[in-house]
Amino acid sequence: MGLQFSMQPQIIRTWCALIFVLSFASPVTGQHLPDGAEDWYLEASDGVDLYVVEFGAAAAPGDTVVVLHGGWGAEHSYLWPAIIPLADRYHFVLYDQRGSLRSPAPDSTISLQRFVSDLEDLRRELGQERLTIFAHSMGSRLAYTYLRKHPEHVRRLALAGPLVPTGSPLGDKRKMRKVRKQFVQWAKKREKAEITEEGLDRDSLSDREKTARWRIGFAAGNIYHVERWHQMEGGRAFYNGDIAELINQNTPDSLRANQFETLRTSEVPVRVIIGDHDLADFGLVSWPAVADTLENVEITTLEKAGHNAWIDRPGKFRDAIRRALHASEE
């Protein structure tokens with residue numbers, strides 16, 4: 001998942017309106033799979049085919065990890081660099097959510113309740129009594145909702161760059177609006193500086209240069225080290241921006257409400273990994289207080305890291321996700 005600045009100003013506006021649309025794009029359709037990976041299609045209970053990839057090794061219950069990508073409307077493969085280093089210990093199952101790149105679906109079927117049902121269909125197909133879930137960005141919203149609907153089927157949640165749960169009594173809304181504005185200003189300033197550094201601040205650019213300029217803007221919102229923009233794989237065609245609006249239209253407010261209460265009343269371990277420059281909680285004004293309040297939530301913060309923290313702090317992120325996924329005793 002990522003935030004696009006220069007090429008997608010409407011996404012900035014939407015992010016400022018409570019980060020509803022957060023996009024990530026990844027440049028694969030007929031993708032090259034990791035060594036030993038298998039891809040297949042899950043037929044959801046309403047007949048929609050969902051694209052699934054699994055790879056890695058599982059030695060014990062809890063070592064199978066279902067991965068929820070960001071979006072809404074993104075796809076799974078951008079998360080490979082975050083999890084491939086752990087494939088010697090965990091068996092990862094990734095899928096494109098309904099309506100995303102490799103899992104096309106009718107607009108009428110796009111809703112948060114349907115996403116939850118899809119995840120439950122996947123759990124049954126995998127033969128897992130309880131799921132260990134790793135979710136990034138907007139995938140955390142799906143994780144919270146699945147936990148609410150199926151608490152008996154969740155072993156633990158590992159959340160990277162998660163959105164602050166709705167219904168939280170913590171934080172000042174006016175301060176949050178100010179912080180969001182500061183984030184946009186910070187990101188745009190860094191975007192402009194890097195574009196100048198790369199010599200792309202000209203009116204006449206080739207298509208290749210325009211793509212590079214777009215990717216710098218993409219990186220500026222998602223990583224601290226914007227000079228690593230080459231690592232921000234992307235292509236606008238690989239993100240379906242309509243999915244967020246469809247979920248907004250087709251999901252009852254009651255299902256999205258009070259995710260804080262879901263976490264508060266759950267005994268499921270929740271492990272949060274977030275950078276201090278993450279667009280989901282820029283400056284860490286909310287998550288530390290949430291973690292302090294909820295007994296089952298632990299937080300690992302990463303300095304000089306953004307939304308895609310595995311690019312900014314690969315070693316620290318790898319260590320943090322290993323701890324977050326550590327299987328609980330059966």
Side-chain angles (χ1 to χ4, degrees), residues 1 20-26 28-31 33 37-55 64-79 91-155 157 163 166 237-259 262:
M1 181 196 64
F20 194 74
V21 180
L22 301 175
S23 68
F24 191 100
S26 189
V28 287
T29 48
Q31 56 182 326
L33 299 177
E38 177 186 4
D39 62 341
W40 50 280
Y41 280 93
L42 171 74
E43 184 178 346
S45 53
D46 66 346
V48 169
D49 285 339
L50 303 178
Y51 180 81
V52 181
V53 177
E54 53 183 321
F55 68 101
T64 292
V65 180
V66 173
V67 179
L68 306 180
H69 65 69
W72 309 107
E75 52 83 54
H76 74 273
S77 71
Y78 75 93
L79 286 165
H91 181 77
F92 291 102
V93 182
L94 305 91
Y95 69 104
D96 282 5
Q97 294 159 17
R98 172 178 299 253
S100 293
L101 182 61
R102 305 170 191 85
S103 300
D107 287 357
S108 60
T109 72
I110 306 299
S111 67
L112 186 51
Q113 57 267 36
R114 188 67 250 185
F115 276 35
V116 169
S117 179
D118 290 341
L119 183 51
E120 177 64 359
D121 288 342
L122 180 59
R123 181 195 67 79
R124 291 194 186 103
E125 182 67 23
L126 295 172
Q128 294 285 311
E129 180 62 27
R130 294 189 294 159
L131 293 179
T132 298
I133 294 174
F134 169 50
H136 176 241
S137 191
M138 192 64 82
S140 63
R141 291 280 193 247
L142 176 52
Y144 302 147
T145 312
Y146 184 81
L147 175 62
R148 174 181 172 181
K149 298 291 287 187
H150 300 284
E152 74 281 8
H153 292 314
V154 181
R155 176 179 281 105
L157 299 180
L163 275 66
T166 61
F238 298 95
Y239 165 69
N240 184 350
D242 295 334
I243 299 301
E245 183 58 32
L246 289 167
I247 288 180
N248 192 32
Q249 293 173 5
N250 299 333
T251 302
D253 290 340
S254 59
L255 192 61
R256 293 193 297 261
N258 217 343
Q259 297 163 349
T262 295

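Using a 4.5 Å heavy-atom cutoff, the side chains of D46 and R98 are in contact. With a 4.5 Å cut-off on side-chain heavy atoms, L142 and V116 count as touching. Side-chain contact between L163 and R141 is present, with heavy atoms from C-beta onward closer than 4.5 Å. The side-chain heavy atoms of I110 and Q249, taken from C-beta on, include no pair separated by under 4.5 Å. Between F115 and W72 there is a side-chain heavy-atom pair separated by less than 4.5 Å. The shortest distance between side-chain heavy atoms of V48 and P106 falls below 4.5 Å. The closest side-chain heavy-atom distance from N248 to R256 is below 4.5 Å. Y146 has its side chain out of reach of V66: every pair of non-hydrogen atoms, C-beta onward, lies at least 4.5 Å apart.
Scanning both residues, A74 and H69, for their nearest heavy atoms gives O-CE1, 3.2 Å. Here the closest heavy-atom approach between residue L33 and residue A37 is recorded as CB-CB, 3.9 Å. Of all non-hydrogen atoms in D107 and N250, the two that sit nearest each other are O-ND2, 3.5 Å. Here the closest heavy-atom approach between residue G99 and residue A105 is recorded as N-CB, 4.0 Å.
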side-chain contact (heavy atoms from CB on, under 4.5 Å), that's the test. Do Q97 and L68 meet it? Break it down for me.
CA-CA 8 Å; Q97 294 159 17; L68 306 180; 4.2 Å; yes
CA sep, side-chain torsions, deciding dist, call: R148, Q259, side-chain contact (heavy atoms from CB on, under 4.5 Å): CA-CA 8 Å; R148 174 181 172 181; Q259 297 163 349; over 6 Å; no
Can you check side-chain contact (heavy atoms from CB on, under 4.5 Å) on H153 and L131, steps first, answer last?
CA-CA 6 Å; H153 292 314; L131 293 179; 5.6 Å; no
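Atom CG of L119 and atom OH of Y95 lie 4.5 Å apart (nearest 0.5 Å). Y41 contributes atom OH, which lies 8.5 Å from atom CZ of R102 (distance to the nearest 0.5 angstrom). Within the model, atoms CG of N240 and CG of L246 stand 7.5 Å from one another, a figure rounded to the nearest 0.5 Å. Interatomic distance, L50 CG to D118 CG, rounded to the nearest 0.5 Å: 4.5 Å. Atom CD in E152 sits 10.5 Å away from atom CZ in R130 (nearest 0.5 Å). The CG atom of D242 sits 11.5 Å away from the CD1 atom of I247 when rounded to the nearest 0.5 Å.
Judged by distance alone, the side chains of R114 and S45 do bring a donor and an acceptor atom under 3.5 Å apart. In this structure, a donor-acceptor pair under 3.5 Å is present between the side chains of E54 and H91.
A distance-only check finds no donor-acceptor pair linking the side chain of S111 to the backbone of T251 [under 3.5 Å]. Without hydrogens or angle criteria, E75 side chain to S77 main chain gives a donor-acceptor distance under 3.5 Å. Panel note: side chain S103, backbone D96; a donor-acceptor pair is recorded below 3.5 Å.
The aromatic rings of F92 and F55 are tilted relative to each other, their planes meeting at an angle between 30° and 60°.
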